[in-house]
Amino acid sequence: MTFLAIALALVVDRFLGVLAEWRRWDWFNAWTDWLHRRLGGYAFHDGPAGVILALAPILLGVGLLYQGLSELLGLFGFLFAAAVLLFTLGPRCLDDDVEEFEGARLRGSREAACHYADELAGGAAADADDPWGTALATRGVLTEAHERLFGTLFWFAILGPVGAVLHRLSVVLRGHVAQGGGDGGFARAAELLHAILAWPSARLLAAGYALSGHFAGAVAALRRRLLRLDADARELLVAVGEGALDQDLESLRDPDAQRDGGRPVAEAFALVRRSLVIWLAVLALMTLSGWLG
């Protein structure tokens, strides 16, 4: 059922791009801000306990609702799980942002290209020596594929709808704390939670890059970082992605490379798609063996 829920959510997400407008997490940011105003004066809140307090009621509610619907009728539980997964993807559709960036490059609109490069990179701004945002957008595709898509799918496969919500909330909380300039115990706990959740899923996605791209270059980068606990997930995905694409992203800043238009971004997205197909095929085989066994 996990594979079917994932397949359903991915199909709906691809063909109903307007769902991005419904994936609003402002309510969760408001919830964490409210908790901080009420409990910020207590020492326990400035650390892991504060993060757990922010997440636990939501995760508990999702888990209880899923359990209740599944016991009432299995189909209700399945539909609820698929709906939760669909809501926790994104929030923006990676396909749409890649298409918009490529369209802006074809139109020759530098401002629009930089805007969508920023979107692909999770809000980071393009440097002056990357006037079209090609290097930033390519890097963003390799990393946002995990933040928007693969990380959520991985934790959904492990923990069901609770896992999908947990991963999405960790991404939202990390971004909200970083935007607020937080550097206290609560911010460090939020960063640690995201790092823990990203550790296994980012390595599986990086392995997918290696299997679906230039194997030797990707494996060399993956081997250096695979078991390092302090290896940042984003840097891991960029390093392995560069190897799989056989492309130094910094070289995309060169004036000659700018003439390639959006091709490097399209190639990075094709790599992501192939990696996703590989792991979906593995999950499908596991599901099939479970049914037959």
Side-chain angles (χ1 to χ4, degrees), residues 1-20 22-23 58-59 61-96 98 141-171 196-213 233 237 240-241 244 269-293:
M1 297 297 281
T2 297
F3 173 76
L4 294 178
I6 289 176
L8 176 61
L10 290 177
V11 169
V12 174
D13 179 61
R14 180 64 190 94
F15 293 103
L16 291 180
V18 294
L19 289 174
W22 295 87
R23 292 168 176 156
I58 301 168
L59 298 177
V62 171
L64 290 176
L65 187 55
Y66 174 64
Q67 185 66 29
L69 289 173
S70 297
E71 291 180 357
L72 181 63
L73 184 63
L75 179 61
F76 291 164
F78 168 78
L79 293 176
F80 175 77
V84 168
L85 176 59
L86 184 61
F87 183 73
T88 51
L89 295 175
R92 294 181 60 88
C93 181
L94 193 63
D95 305 54
D96 292 343
V98 170
V141 168
L142 295 172
T143 57
E144 286 297 297
H146 177 270
E147 299 295 274
R148 300 189 191 187
L149 190 61
F150 192 81
T152 304
L153 296 178
F154 173 83
W155 284 106
F156 178 83
I158 298 297
L159 298 176
V162 173
V165 174
L166 173 61
H167 178 263
R168 180 54 49 208
L169 292 182
S170 76
V171 173
I196 291 172
L197 294 177
W199 200 92
S201 52
R203 278 152 181 78
L204 283 181
L205 181 57
Y209 289 169
L211 291 171
S212 57
L237 291 169
V240 177
F269 186 58
L271 178 71
V272 168
R273 277 184 162 172
R274 294 194 300 270
S275 304
L276 183 60
V277 168
I278 287 174
W279 288 116
L280 286 177
V282 170
L283 181 58
L285 289 175
M286 293 173 61
T287 302
L288 185 60
S289 65
W291 286 347
L292 297 177

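Nothing fancy with the numbering, it's 1 onward along the sequence. Only heavy atoms go into these numbers, but all of them, side chains included; no hydrogens, no water, no symmetry mates.
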Please report the closest heavy-atom contact between [X] and [Y], naming both atoms and the distance.
{"X": "L86", "Y": "A9", "result": "CD1-O, 3.3 Å"}
{"X": "L197", "Y": "W155", "result": "O-NE1, 2.8 Å"}
{"X": "R273", "Y": "R14", "result": "NH2-NE, 4.0 Å"}
{"X": "S212", "Y": "G208", "result": "OG-O, 2.7 Å"}
{"X": "S201", "Y": "H146", "result": "OG-NE2, 2.7 Å"}
{"X": "V141", "Y": "Y209", "result": "O-OH, 4.4 Å"}

Could you give the distance from [atom1] ([X]) to [atom2] ([Y]), rounded to the nearest 0.5 Å?
{"X": "S70", "Y": "F80", "atom1": "OG", "atom2": "CZ", "value": "9.0 Å"}
{"X": "R23", "Y": "R168", "atom1": "CZ", "atom2": "CZ", "value": "8.5 Å"}
{"X": "R274", "Y": "I278", "atom1": "CZ", "atom2": "CD1", "value": "8.5 Å"}

task: Tell me, with the steps shown, if F3 and L288 meet side chain to side chain contact (heavy atoms under 4.5 Å, CB included).
output: CA-CA 10 Å; F3 173 76; L288 185 60; over 6 Å; no

query: R148 and D13: salt bridge (charged side-chain N to carboxylate O under 4.0 Å, His left out), yes or no, with the steps?
result: CA-CA 12 Å; R148 300 189 191 187; D13 179 61; over 6 Å; no

I'd like to check [X] versus [Y] (side-chain heavy atoms, cut-off strictly below 4.5 Å). Are they in contact?
{"X": "L211", "Y": "S275", "value": "no"}
{"X": "L85", "Y": "L10", "value": "no"}
{"X": "V165", "Y": "F87", "value": "no"}
{"X": "F150", "Y": "W279", "value": "yes"}
{"X": "F156", "Y": "V162", "value": "no"}
{"X": "E144", "Y": "V272", "value": "no"}
{"X": "L65", "Y": "L69", "value": "yes"}

Positive for side-chain contact (heavy atoms from CB on, under 4.5 Å) with L153, one of L89, L283, L205, I158: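 So the option named by the test is L89.
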
task: List the steps and the verdict of side chain to side chain contact (heavy atoms under 4.5 Å, CB included) for L142 and L271.
output: CA-CA 9 Å; L142 295 172; L271 178 71; 4.0 Å; yes

